[in-house]
Amino acid sequence: MNQIQHKNISISFTDSGKGTAIILLHGFLENKQMWNSFIPEISNKNRVITIDLLGHGDTECMSYVHTMEDNADAVHAVLTHLRIRKAVFVGHSMGGYVSLAFAELFPESVKGLVLLNSTSRADSEERKTNRDRAIKAVKQSYVNFISLSIANLFSEGNRERLINEINYVKKEALKTPLQGIVASLEGMKIRIDREVLLHLTPYPKMLILGKKDPVLPYDETKSQIDETQVQLVTFPDGHMSYIENKIELTAVLLKFFKSI
């Protein structure tokens, strides 16, 4: 495990392989461990960096609100430390929001972008209200909140079939401190709309969605790439494509990296 100091906190990351730099960013309640099974294959021909975002995994909390820009700044600090000038970003869910914030702040550093079960759009008023409810719920019952949150990310048909995988994700999620959870919910709630980046940026982009994603309604999320050059990949399951459709996802990512 590697660490750097950034704004008085420790940021944790991994660095494997050689070639085009691929930055893998996890989602809310996840950490860099989620990419472990992908690293061996992707790092065959690429340099793979995984980073624990603020208040997740082995990266410390920075404040009471972790904005997507704060996270992007932390990612940039890791890339600067590693002397990586340009990279391809893959962001799962919240990791996608951070990737977009990074793309806006440091456009010259982006070689390609994959939004995995993610969106470029800001929270609707309803989603913002749900974030506030989530903050209350996690303060009242941390373990219950995590247990329910994780199970609800999978498509209904997979909740029994993938029970072992779900339990593992819950176990990893329980490593996220309360402050990290609340700060991320606050940060996601106030993030700005970045749909324009899907329309105007020059590098290759891909949007990967689950048809039965309980969090991101498929048709509504897909509409953000109408009249763009963004590639769309659709899997038949839920929000956790890296588990629910792991083999297919690996193939899609490798093909995308090879095309850049």
Side-chain angles (χ1 to χ4, degrees), residues 14 16-28 30-51 75 86-100 102-103 110-121 153-155 157-158 161-162 165 169 194-195 197-199 201-260:
T14 68
S16 323
K18 289 180 180 177
T20 300
I22 312 289
I23 315 301
L24 303 177
L25 299 179
H26 64 79
F28 175 59
E30 297 167 340
N31 58 55
K32 64 183 181 302
Q33 306 284 345
M34 70 165 272
W35 302 110
N36 282 358
S37 61
F38 290 84
I39 292 172
E41 209 162 343
I42 297 175
S43 64
N44 262 336
K45 294 184 178 174
N46 302 282
R47 184 178 182 183
V48 180
I49 317 297
T50 70
I51 302 170
V75 170
K86 229 172 171 63
V88 179
F89 288 78
V90 180
H92 180 243
S93 199
M94 184 181 80
Y97 311 154
V98 175
S99 299
L100 287 160
F102 185 98
V110 182
K111 198 174 182 180
L113 174 65
V114 179
L115 296 180
L116 173 59
N117 312 114
S118 193
T119 178
S120 63
R121 291 175 175 163
L153 296 173
F154 291 79
S155 65
N158 281 334
R161 184 175 73 83
L162 295 172
E165 288 85 348
V169 176
R194 291 191 165 94
E195 189 174 337
L197 294 178
L198 300 183
H199 292 258
T201 49
Y203 42 79
K205 293 171 287 291
M206 178 180 275
L207 177 65
I208 302 174
L209 299 177
K211 200 74 195 269
K212 296 176 187 166
D213 190 324
V215 183
L216 295 172
Y218 177 75
D219 289 327
E220 185 188 312
T221 310
K222 181 168 74 90
S223 69
Q224 71 192 297
I225 61 165
D226 290 347
E227 297 176 34
T228 72
Q229 299 298 309
V230 180
Q231 292 180 57
L232 174 67
V233 174
T234 301
F235 291 131
D237 297 294
H239 192 70
M240 304 295 264
S241 295
Y242 75 97
I243 294 172
E244 295 175 276
N245 310 101
K246 183 183 159 190
I247 294 166
E248 300 88 342
L249 175 61
T250 305
V252 162
L253 290 176
L254 288 172
K255 189 177 176 186
F256 182 76
F257 301 152
K258 198 175 177 184
S259 73
I260 293 176

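These numbers come from a predicted model, not from an experiment. Numbering of residues begins at 1 and proceeds along the displayed sequence.
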Kindly write out the residues that satisfy side chain to side chain contact (heavy atoms under 4.5 Å, CB included) with [X], not counting sequence neighbours, or none if the list is empty.
X: Asn36; answer: Gln33, Ile39
X: Pro40; answer: none
X: Thr20; answer: Ile22, Asn46, Val88, Lys111

Considering non-hydrogen atoms only, spot the tightest contact between [X] and [Y] and give its length.
X: Leu207; Y: Ser118; value: CD1-O, 3.6 Å
X: Phe89; Y: Phe102; value: CZ-CE2, 3.3 Å
X: Leu116; Y: Ser241; value: CD1-CB, 3.9 Å
X: Ala87; Y: Ile23; value: CB-CG1, 3.5 Å
X: Leu162; Y: Glu244; value: CD1-CG, 3.9 Å

Might you work through the side chain to side chain contact (heavy atoms under 4.5 Å, CB included) test for Val230 and Leu232, ending with a clear yes or no?
CA-CA 6 Å; Val230 180; Leu232 174 67; over 6 Å; no

Flag, side chain of Lys205 to backbone of Tyr203, donor-acceptor distance under 3.5 Å
yes

When you measure from the side chain of Thr228 to the backbone N and O of Ile225, does any donor-acceptor pair fall under 3.5 Å?
yes

Any residue meeting side chain to side chain donor-acceptor pair (under 3.5 Å) with Thr234, in chain and number order, not counting sequence neighbours
Tyr218

Just jot down the side chain to side chain donor-acceptor pair (under 3.5 Å) partners of Asp237, sequence neighbours excluded, or say none.
Asn158, Asn245

Output all residues satisfying ring pair (Phe, Tyr, Trp, His ring centres under 6.0 Å) with Phe154, sequence neighbours left out; order by chain, then residue number.
none

So, taking the atom named [atom1] in [X] and the one named [atom2] in [Y], what distance separates them when rounded to the nearest 0.5 Å?
X: Leu25; Y: Met34; atom1: CG; atom2: CE; value: 9.5 Å
X: Leu100; Y: Thr119; atom1: CG; atom2: OG1; value: 8.5 Å
X: Asn31; Y: Thr50; atom1: CG; atom2: OG1; value: 9.0 Å
X: Ser155; Y: Arg161; atom1: OG; atom2: CZ; value: 7.5 Å

Before giving the answer on side chain to side chain contact (heavy atoms under 4.5 Å, CB included), spell out for Val75 and Ile49 the whole-Å C-alpha distance, their side-chain angles and the decisive distance to 0.1 Å.
CA-CA 10 Å; Val75 170; Ile49 317 297; over 6 Å; no

Worked check of side chain to side chain contact (heavy atoms under 4.5 Å, CB included) between Thr201 and Val110
CA-CA 10 Å; Thr201 49; Val110 182; over 6 Å; no

Can you pull out every salt bridge (Lys or Arg N to Asp or Glu O under 4.0 Å) where at least one residue sits in residues 39-48? Sequence neighbours excluded, please.
Asp15-Arg47

Donor-acceptor list for residues 248-260 side chains, cut-off 3.5 Å, not counting sequence neighbours:
{"residue": "Thr250", "atom": "OG1", "partner": "Lys246", "partner atom": "O", "Å": "2.8"}
{"residue": "Ser259", "atom": "OG", "partner": "Phe256", "partner atom": "O", "Å": "2.7"}

Got a sec, which residues hit salt bridge (charged side-chain N to carboxylate O under 4.0 Å, His left out) with Glu195, two or more places apart in sequence or on another chain?
Arg121

Sequence neighbours excluded, the answer for salt bridge (charged side-chain N to carboxylate O under 4.0 Å, His left out) partners of Lys32 is Asp52, Asp58

Can you tell me which residue pairs pass the side chain to side chain donor-acceptor pair (under 3.5 Å) test with a partner in residues 86-97, sequence neighbours excluded?
Glu30-His92, His92-Asn117, Ser93-His239

Would you sort out whether Trp35 and Ile42 count as a side chain to side chain contact (heavy atoms under 4.5 Å, CB included), showing the intermediate values?
CA-CA 10 Å; Trp35 302 110; Ile42 297 175; over 6 Å; no

